[in-house]
Amino acid sequence: MITIHFIEPGGRSTPVKSKVGKSLMEAAVAAGIDGIAADCGGLLTCATCHVHVLEPFCSDPATLPPPDGEELGMLAFTASPRLANSRLSCQITLTPDLDGLRVELPATQY
Ligand code: FES
């Protein structure tokens with residue numbers, strides 16, 4: 001199990017424990033994190049699982065591989081502005097190296 005921290009726009013942080021191998025989106029949905037809608041269930045067609053990955057994870061490609069072309073294409077459709085550290089959480093597979101990952105939830109997913 002690893003721990004991920006979901007940070008609401010107001011700054012409140014919710015720690016969530018999840019198994020390695022699940023997606024970040026699946027961990028959020030299982031924990032009832034409000035800020036992740038994930039309408040398509042991880043099929044990469046909705047962009048409602050948008051998160052902002054915080055340091056050091058967003059700048060360490062050895063720990064968190066960068067988005068592929070399909071994810072980059074879908075990131076054009078996020079409701080909240082896309083930032084340099086924007087990711088779609090359904091495309092992030094949890095690994096032991098991501099223990100302690102911190103992600104901010106955008107103001108809206110719609
Ligand atoms: Fe729909 Fe991630 S859950 S794109």
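Order of appearance sets the numbers: ligands from 1, and atoms from 1 within every ligand. All values below come from the heavy atoms of this structure, side chains included, with hydrogens, waters and symmetry mates left out.
Counting all heavy atoms, side chain and backbone alike, Met74 lies closest to Ala47 at O-CB, 3.8 Å. In plain terms, the two heavy atoms of Cys40 and Cys46 that are nearest each other are N-SG, 3.5 Å. Nearest heavy-atom pair across Pro106 and His52 is CB-CE1, 4.1 Å.
A 6.0 Å sphere centred on CD of Glu8 holds more than 12 heavy atoms belonging to other residues, nucleotides or ligands.
Within 4.0 Å of ligand 1, contacts by protein heavy atoms are made from Ala38, Cys40, Gly42, Leu44, Thr45, Cys46, Ala47, Cys49, Cys90.
Within the structure, side chain to side chain donor-acceptor pair (under 3.5 Å) contacts touching residues 77-86 (residues at least two apart or in different chains) are His50-Ser86.
Distance alone, capped at 3.5 Å, is enough to place a donor-acceptor pair between the Thr48 side chain and the Asp39 backbone.
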